[in-house]
A.B. asks: 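Before we start, here is the structure in question, set down as structure tokens.
Computed from a predicted structure; not experimentally measured. In what follows, chains are A, B, ... by sequence order, proteins preceding strands, each numbered from 1.
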Amino acid sequence: MTRPTRIEKNCETGEEIVVELTDAEIAQLESDRIAFQEAEAARQAEADALTALKASAKAKLIAGQPLTAEEADTLVL
Amino acid sequence: MPITYVKIGSVDVGAGGATSILFSSIPQTYTDLLLVFSLRLNGSGNVGGFLKLNGTVTNPRTLFSTGSSISMEINNLTGFANADTYTANTFSSGQIYVPNYTAAQSKPFSYEGATENNATAAYMGIATGLIANTSPTTTLELYGDGLRQYSSATLYGIKNS
């Protein structure tokens with residue numbers, strides 16, 4: 001299996017070469033990718049929860065039902 | 001570009017793709033740096049883009065918005081790139097500004113950019129951070145979950161006179 005590569009541009013000479021990543025660089029890349037995915041999953045879950053709260057607040061307002069404190073917090077006053 | 005912007009180097013990713021683009025031996029004769037890029041990744045869902053300065057991973061404070069929300073995070077994310085599941089032949093666009101890049105102090109930087117996708121999954125973001133590297137900047141590396149062909153990056157040097 002071919003190793004991941006990096007394109008290196010030497011700004012002094014203009015030379016461009018392709019370099020294989022080291023094991024440490026590959027590990028860092030994987031670590032960054034996983035960290036981002038976890039943060040993204042958490043952000044999406046939070047966004048989905050807020051969307052659900054807003055929908056519930058709207059439905060209750062229309063039906064004339066009392067809102068919970070969390071639902072009320074979604075309202076912009 | 002204004003005449004005070006000088007192109008230092010440019011990379012276009014070829015058919016084999018690449019994990020990252022690294023600009024090395026950056027001249028120390030300018031005041032600030034501007035990295036302008038257009039990216040598409042191999043990954044299907046990961047749109048994260050990252051920056052290393054002198055080999056140091058950045059940890060910016062990122063404010064970004066999606067099709068349905070806005071949030072602030074502190075993580076290793078610098079910006080966004082098009083995932084491979086995005087509309088065919090589309091790429092993100094963005095830029096990173098590093099002022100006073102030759103100074104012997106930690107380096108502030110800022111990012112702004114957006115992905116392009118004919119769907120609800122699209123991101124735009126503004127990020128700012130401080131890179132804990134007090135050496136003059138000689139390398140900048142842009143990387144993500146595999147850069148696809150036709151991704152590109154151009155580095156400009158900017159003088160204050």
Side-chain angles (χ1 to χ4, degrees), chain A residues 1-59 61 67-68 70-77, chain B residues 7-14 16-27 33 41-43 45-50 52 55 57-59 62 64-78 80 121 123 138-147 151-155 157:
Chain A
M1 182 177 173
T2 55
R3 295 177 72 90
T5 57
R6 173 176 64 241
I7 300 173
E8 288 192 13
K9 182 79 169 190
N10 187 309
C11 298
E12 270 189 9
T13 64
E15 181 187 14
E16 189 172 301
I17 59 174
V18 176
V19 176
E20 286 188 347
L21 268 61
T22 65
D23 289 343
E25 289 169 330
I26 293 172
Q28 175 70 63
L29 192 67
E30 183 65 11
S31 172
D32 290 339
R33 187 184 67 80
I34 290 171
F36 172 77
Q37 285 186 321
E38 289 175 351
E40 180 62 11
R43 187 204 60 77
Q44 187 63 54
E46 192 174 333
D48 290 344
L50 180 61
T51 299
L53 264 181
K54 284 183 175 180
S56 175
K58 183 178 178 180
L61 278 174
L67 277 63
T68 65
E70 273 188 324
E71 290 165 339
D73 283 340
T74 67
L75 302 177
V76 178
L77 297 175
Chain B
K7 178 180 162 182
I8 295 175
S10 183
V11 172
D12 293 315
V13 178
T19 303
S20 70
I21 296 172
L22 172 71
F23 292 93
S24 64
S25 300
I26 296 174
L33 293 176
L41 306 182
N42 285 321
N46 198 341
V47 297
F50 310 95
K52 282 184 191 177
V57 178
T58 64
N59 283 286
T62 309
F64 63 94
S65 66
T66 68
S68 59
S69 67
I70 298 176
S71 63
M72 170 76 83
E73 290 182 12
I74 300 176
N75 54 36
N76 54 357
L77 172 70
T78 304
F80 300 102
Y123 294 77
T138 56
T139 69
L140 277 180
E141 184 174 3
L142 193 62
Y143 64 106
D145 195 6
L147 308 178
S151 296
S152 66
T154 302
L155 183 65

A.B. asks: Would the number of heavy atoms belonging to other residues, nucleotides or ligands and lying under 6.0 Å from CD of Glu70(A) be above 12?
C.D. replies: no
A.B. asks: With chain B as the partner chain, list the residues of residues 16-25 of chain A whose heavy atoms fall under 4.5 Å from it, by residue number, and write 'none' if nothing qualifies.
C.D. replies: Glu16(A), Leu21(A)
A.B. asks: Between Leu155(B) and Cys11(A), what is the shortest heavy-atom contact and its length?
C.D. replies: CD2-SG, 4.2 Å
A.B. asks: Looking at CG of Leu140(B) and NZ of Lys9(A), how far apart are the two atoms once the value is rounded to the nearest 0.5 Å?
C.D. replies: 15.0 Å
A.B. asks: Output the option from Ser25(B), Gly9(B), Gly17(B) having the highest count of non-hydrogen pairs under 4.5 Å with chain A.
C.D. replies: Ser25(B)
A.B. asks: Quick one: what part of Ser10(B) sits under 4.5 Å from any heavy atom of chain A, side chain, backbone, both or neither?
C.D. replies: backbone
A.B. asks: Measuring from Asn10(A):CG to Thr139(B):OG1, what's the distance to the nearest 0.5 Å?
C.D. replies: 11.5 Å
A.B. asks: Hey, what do you get for CD (Glu12(A)) to CD1 (Ile26(B)), rounding to the nearest 0.5 Å?
C.D. replies: 10.5 Å
